[in-house]
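Reviewing the structure listed below.
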Amino acid sequence: MKLFGWFGDKALHRGVHVPECKEQTAHLPIRRMNFPPVVIVPMSQHAGTPAIPIVKEGQEVVRGEPIARPDGFVSVPMHAPVTGKVERIALAPSARGDLSLAIYIRPYPAASQEVLYGEPQNIDQMSPEEIVRAVQETGVVGLGGAAFPTHVKMKLPEGRTVDTVVVNGCECEPYLTTDHRVMVEQPRAVIHGTRIAMKALGAPRAIIGVEDNKPDAIQALRDALAAESAITVEAVPTKYPQGAEKMLIEVLLGREVPSGGLPSEVGVAVFNVATLAQIGDLLPRRQGLIERVITIAGTAVRKPGNYLTVLGTPIRWALEQAGATEQAASVILGGPMMGPTISSLDVPITKGVTGILVMARDSFNSRHTIFPCIRCGACVEVCPLHLNPSRLGMLARKGRYEEMESDFHLMDCFECGCCSYVCPSHIPLVQYFRVAKQMNRERKARHAAASA
Amino acid sequence: MNSQAPSRPPLSTADGIKMVRLLGTVSFVCGLLIVITHRGTLSAIGRNQERLTREAVAELLPGMQRQVVYSVHGGELSKGEGSDRLAGKIYAGYDASGKLLGLVMEASERGYADMIKAMYAYSPSKRCITGFKVLEMKETPGLGDKIATDKNFLENFKQLVYDPDHPIVAVKAGAKKNNWEIDAISGATISSRAVGRMLNRSIREMAPLIERNLRRIEKGE
Amino acid sequence: MNNQSLGHIFIDALLINNFVLSVFLGICPFIGVSAKLATAWRMGVAVIFVTLVSSLLAYGTNALLVVLNAEYLRIISFIVIIASTVQLVEMFIKKTSPALFRALGIYLPLITTNCAVLGVALFQTSRQYDFAQSVVFAAGASFGFTIALVLMAVIREKLELSDIPDTVRGTALVLLLAGILSLAFMGFSGMGVES
Amino acid sequence: MTGAHLVQAPSPSENYETFFNGLWKQNPVFVQVLGMCPTLAVTNSVRNALAMGAATLFVLVCSNMLISLVRKRVPKQVRIATYILIIATFVTIVDYLIKALSIAVYKALGPFIALIVVNCMILGRAEAFASRNPPGKAILDGLGMGLGFSFALLCLGAVREVLGAGTFLGVPLFGPRFQPWVLFLLPPGGFLTLALWLLVFRAWQSRKERKQEQWRAAA
Amino acid sequence: MPPLAPEIELRTSPHFHSNRSVEMIMRNVVYALLPLCAFSVWNFGLSALALILVSVLSCLVTEHLFCWLSRRKSSLGDWSVTITGILLALTLPPGFPLWMVAVGGFVSVGLGKMAFGGLGFNVFNPALVGRAFLQACFPTAITAYSPALAKNRFTEFIPTTFTPPFLQPPPLADWIERVRVDAFSGATPLMQQKFDKVTADWQPLFFGTVSGSAGETPALLILLCGAYLAARNFMDWRIAFSMLASAFVSGAAFHFLNPAVYPHPWFVLLSGGLMLGAVFMATDMVASPVTPTGVWIYGALMGLITVVIRNLGGLPEGVMYAILLGNAVSPLIDNLTQPRVYGVHPRRRTA
C-alpha cells in the first residue's frame, strides 16, 4: 500500500517493484554457445502430449531435420538441434524432477552446422489454417516460459474472434534479458512474426507491450515499424508481474479475462516476443525450432550473458561455458520470482527455459524465521489477481485445501510470488499454494477413480 | 432436545384416550401441588412484602407508629392498596400522637446500568425531602452503587428542599450551594444525577396532588 | 406501568443489557451453535422468529391470567406457549417455505429450551411492559442474541485457523471470548442516560 | 445443547456411584457444560449461588422422583410434554417457596428461578436417568447432580464474591482498604471465572490422565 | 563445473524477498512510540516513567512465562509484546497504582494474546483487553487523573503510584490541591465536557499539556509519529484516517444538531484517546481486516462508535470500546469484503 495511488491508467495497480538486476546482461549482445558433446532432446518440452520419436538409435540426423512427430493437435514436432548420430532413445531426467523420454544425439564434431533442412514458403498466399499447420511444423512453443504450443493459440474456437494481438515484451522477471536482446537485435523478426500471428487470427491490430526499463528495445521496434499503423509499441511502467498475460491484457486494453478462461474470450491473443521472433524467422524458411536465447546470469557466474543455445544442451555444459564460480550454491531455471531451483545439472535446456541463474550462497535474504501471519494485508495489496493470500495461507496451514479452492479461488493463482515476496512473516505462501493445488488434484483424481 | 423422535406412529383411539387420561392425571397432580403451595405460601408472601415496605418506610420516617397506604389513580388519591397493583402508592406515617410525620413515595429512573428504584420521604409541612433509600439498582459496584451507601451523599437528603422554581439537581461534588441541590459522588456523576432527576420528576408529579389532599392525609382518611 | 420509551427498550435489550453478554440468557445455544457462521446465522433467524411470536402470545396469556387471578400458572403457561410456538412456527415454515424449513429445521426444536425465549416472556411480564413495549423488547432481545451469536461465530471461524493452545480449546475458549466481548459491550452501558 | 451427554446414562451398578457420578465425574457444569445461564447469572455472590443451587436441587430431586414414578405409564409421544409439565410445576412451587421464605433472595435471583424450567440439565436427567430408573435411584441421581451443580455454583460464587467484593457470604475478609476487583461481579467476570474454572478442571484432568498413562506404561 | 554437489541450496520460488520483516515492523512501531513515552514523562513526571516501565516489564514477563509454560521458544524477540506494554501504559492514568498495572500487563498478554496462541492469532488488541479489564475491575482508580505539568513532578511520585498490592489507592484530592498549576479539579477535558459542558481550548489539547491518560494527550506528536509509520509503510494509514474522519463527521453531525450539549468536532478529534487509539491501536494489524474495502469500513465503524459512546453513552470516553468492538466485527467485515477476484463475474461473496 502506498500513500499515493497511481493515477496513470496504463499501469499495473497491484504487483510489486522487485530489484531488476538486469544491468548484468542487458547490454550484452547475443552470443552463440558452443555445442555440447551430447544434446538431449526430451519429447515433452511443451505443455500438451509428448511428441513421438521418428528416428531410431544409431540413425544419423541433419541439423533441422524432424526427429519426432506431434501426437495430436496439442503437441509439436521436435527437430534435430545438431547434425550427428542418435546415440540412444531413453528416459532422461527433466528439470521438474521426473523422467521423460528423450533422444540423445552426439554431434559430429566436424560436420557443418548450417541448417540445410527446410524450404522457403510464401506466407502471403497461405490461409489461416495453413499458417496454423505451418506453425505447428516449426515446433514453436511459448518461449516466455509457459511452453504452450503456439499454433494452438492461433487456432480460435468456432465463433470466436480476436481483435487485438498483444505481443508480450515485458520480461518482468529480474535478471532475465533474453526478450530484451531479441527485441533490440531482431526487431524485424518480431514484427514479421506479429504479422503472421495477426493473419492467422484475423486480428486487425497488434500492440507490443514493453516495460519502460527497456528504452532501447522500444526504440528498435519503433524504428523497425516505420509508418505502420496496425502494430503499435506501448511502453508500460515497469512492475512485476506485468509479463503475465492476464495482467498485460488488463494494463494495455483494460479487459479482464474471465476466471479460468482464455484471453480469446475477451478478443485477445497474447504471444511472447521471442516466440514471434522465432516464427517470423523460421516460418518463411519452413524450418524447425532448434535453438533459443537464454540468459545466464547470477552472482556466481564469470561470463554472464545472453547465449544462443541449441536446445538439448545440458545445463552443466552451459554453466561450464559461462564459467560458474566456486561459490555457486544454487541454480535457478528461469527468473528468481517463479523459477525453480534444480537439483541436477544433467538436465537439458528445453524450449521453455528463459534463463539460468547461478547464485552464490546467501545471495537472497531467504534465511528468515517464519512468523505467524500478522494479517498486515501486504499480500492482499499486491496480489495481481485480487486473491486473499493471507487467508489462503492460513487455510493451507490447517490443511483446508478444498475450501481454498471452492471459496477462495486457489486455482486462479498463477504463482507469481508477489505475496511471498512482500510477506514480512516470511511465510512461503506460494509453496503452500503449490502443495494445496497438488493435493486437490490428487483428491479429484482419487474421486474420479473411486466413482469410475 | 434431539432425542425427541420426529416421526410418530399413528395413534389408535384407545391410545389417545390413554394419553389424555395420563396427561389429565399429571396435570391434576401438578395443579394440586401448585395450588397447595400457592395457598400455603400466600399469607407468608403477603406478610413478607408488607414487612419489607413497612421496614423501609419506618427507616425513612423514624418514630413512625402507624402507617396508612394511599394509591394514586389518574390524579386522584384513594385510601388502601387498591386493586390495581400497578398504581403509584403513597405511604403516610404517623407518630404515637397521630401526627403526620411524612409521606414515603417510590420513584424510579434509568441509572448507569439499569433502572434505579428508590423510596424517599417527603414532609409536606416543611416542603422538603427528608430521607432517601435505594431499593433496587445495578450501578457499578464501588462507584455508582455508592448512592445507596455513601454517607455524604445520603446527607443530601436530610433536608432537600422542594422549590417549584428550582429543580432538584445533582451538582459536582462539593459544589452544592443551594438546598435544592445534591452534592454528587465524585466519579459517579451519572448515578448521582439520575437520583436527582428521579426525585425531581417524582416530587413535581406528586406535590400538587399531596397539597390538594393534605387535609385528608393528615387525618389519615 | 413502565414509562420507558420504545427506543430505549430496544437499545437496552440489543446492546446495553445484551441478552447473551450481560444477562446470560441463551448461553447454551451461544456456546453450542456458534462454531460456524452459517449455522449461527440460521439459529439467530429462527430465534428471532420464535421470540417475536411467543412474546406476543405470552403478552396475551399474561393479561388473561391476571384477569383470572391465576398468576401461579404463569411459568407453566409460558413454557407451554413457547413449546407450541416452536411447533407452530415449524409447521408454518414447513408449509410456506420448504427451503427455509430445510435451513432452520434442526434448530427449531432446540429453541424450546433456549432460555432467552422464556426470558423475554418473563422479563416483559415482570417489567410490566405494555403491548408495544413487549414487541420492541422481544425484537431487541432476539436481535441482540443474534448479534452476539454471529459475532462469536465469525470469531470462532477465524480462530479455527489459529494455533490455540490445547488447554484453552473448546468451551473455555468460547467463554474467554464471551468475557472479552462482554467487556467490549460494557461500553454501551449508560447509553441514553442524560449526563 | 450437548446432546451427547444427555443420553449418557451412568452405570447403574451401585447407588453410591449414582450419587457421586453427578457430584464429580459427570459434574453438570464443569464436565457436561449444562445449565450455563444460571451458573453465570446468579453467581455474583455466594448467597445467591447457594440459593440457586438449593432451588435447582429441589426441582431436580422432585421432578426426578415424580417422573420416575410415572415413567412406565408415559407413552413415548407425550414424554417430553409430561416432563416439562412436571418440571414447570416444581419450578412454580420453588418460586413461591422462595418468595415466602425470603423476599431478598427472591429479588436477587429474579426471573432466574422461573428459568430453571429451561435448564437443560433437568430435562436431560429426566430423559436420561429418571425415565429409566426406579424412584430411589432417580432421587439419588437428582441429589448427586443437584449437589454437583450447587458445588459448581459455589465455586464460581466464591471466586466472584471474594475477589469482586472482598467478602464471603457478606462477611468482609480483607479489611477496609482491600481493593475489590469489581469486574468479577459484572457479567464479563462471570464468563471469565467460569472459563478459569474450566481451565483448572481441564488441567487437573489431563494431569490425572497423564499420570494414569504413566502408571499403565510402568505396569 | 564441479561445485553445487556437497551442499546444494534448494529453495522454492520466489527466491527474492523484500527486506521487511515482522521484527522490523514491530521495532519501528516501538521507535514511533518512544517520543510519546518521553512526552508522557515530561508531562506527568516520574510516575509516568514508572508506569511505562512496570507495564512493559509485566508484559514481557508474562509472555516469557507463557512461552515457557507451553514449551515454546521465547517470542520476546519480535518486539510485539513491547508494543503491548507501552500501549497499555499510555492508556492508563499516570498515577495508576503499579500493582494494578502489573495485573493489567498480565491480563493483556495472558488473556488478550497468549490464550489465543500468541502473535498473529489474537482476536482483540491485547493492550485494550488489559485496559478494558482494568477499567471494569478498578473503576475508581482508573478515573483518578492527575494534573499535567504538576509541580515537583520530577522529584516526587504521584501518591497513588506506590499503593501496596491489593489495597485501594489513597484519595488524590489533597495532593492535587498542593501540586496543581491551574484550576485542575481531577477531571480530564473529556470529563469536563461530558459532565459540565466545558470545552477546553484547542492549543493545550493539540500540544498535549492537559490531564489525561499517560500518553493520549499530545495530538500533534501522535500524528507525527503516525506519519513516520505511515510513510515507511509500517501502518495502515487508511484505518487511522477513516476512523478520524468518521469521528469528525459524526461528531459534526451531533454538534450541529445540538451545539449546547455535543462538543465541536475539533474537540472530538483532539480530546481523549481518539488520536492514540486511531493511530496506534485501531491499526493493530492482527486484529483488523486485511481487505482493502474492509479497512475503510472498519475505521469508519470505530469512529462512529467512539462518538456515539462519547455523546450518548454513560462514559466520557469510548475509543477503547469502539476499537474492541471493531476488533470483534473485523472478521465479519473481512468475510463480507473479500476482494473481487480478477476475472470473476459477477461479484460473488464468500462466507
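Side chains included, hydrogens not; waters and symmetry mates left out as well; all remaining heavy atoms used. Chain naming here is simple, since letters A, B, ... match the order of the sequence lines and numbering starts at 1 in each. Please read these numbers as outputs of a predicted model, since none were measured by experiment.
Side-chain contact between E:Asp334 and C:Lys158 is absent, with no heavy atoms from C-beta onward closer than 4.5 Å. Here the side chains of C:Leu183 and E:Gln135 are not in contact, with every heavy-atom distance at 4.5 Å or above.
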Task: Evaluation steps, side chain to side chain contact (heavy atoms under 4.5 Å, CB included), between C:Met186 and E:Leu315 - done: CA-CA 10 Å; C:Met186 279 180 68; E:Leu315 294 162; over 6 Å; no
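Of the atoms belonging to E:Met320, not a single heavy atom falls under 4.5 Å from chain C. Both the backbone and the side chain of C:Ile164 have a heavy atom closer than 4.5 Å to some heavy atom of chain E.
Your options are E:Pro316, E:Ala132, E:Ala115, and the one with the most heavy-atom pairs under 4.5 Å with chain C is E:Ala115. Counting heavy-atom pairs closer than 4.5 Å to chain C, the top residue among E:Leu332, E:Asn327, E:Ile323 is E:Leu332. Counting heavy-atom pairs closer than 4.5 Å to chain C, the top residue among E:Gly117, E:Ser330, E:Ala136 is E:Gly117. Contacts with chain E were tallied for C:Ile16, C:Leu159, C:Leu161; C:Leu159 has the most, counting heavy-atom pairs under 4.5 Å.
The stretch residues 118-127 of chain E places E:Phe121, E:Asn122, E:Val123, E:Phe124 near chain C, each with some heavy atom under 4.5 Å from a heavy atom of that chain. The stretch residues 291-306 of chain E places none of its residues near chain C, where near means some heavy atom under 4.5 Å from a heavy atom of that chain. Residues of residues 169-181 of chain C having a heavy atom under 4.5 Å from any heavy atom of chain E, listed by number: C:Leu173, C:Leu176, C:Leu177, C:Ile180, C:Leu181.
Applying the 6.0 Å contact sphere to NE2 of E:His264 captures more than 12 heavy atoms from other residues, nucleotides or ligands. The 12-atom threshold is exceeded at NZ of C:Lys36, counting heavy atoms of other residues, nucleotides or ligands nearer than 6.0 Å.
The CG atom of E:Leu325 lies 4.5 Å from the CZ atom of C:Phe188; values are rounded to the nearest 0.5 Å.
Residue C:Ser162 comes nearest to E:Phe116 through the heavy atom pair CB-O, 4.0 Å, listed as atom of the first residue, atom of the second, then distance. Here the closest heavy-atom approach between residue C:Val154 and residue E:Ala328 is recorded as CG2-O, 4.5 Å. A pairwise comparison of heavy atoms in E:Ile309 and C:Gly187 identifies CG2-O, 3.6 Å as the closest pair.
Sorted by first then second residue, the ring-ring contact (aromatic ring centres under 6.0 Å, His included) pairs that include residues 21-54 of chain C, not counting sequence neighbours, are C:Phe24-D:Phe191.
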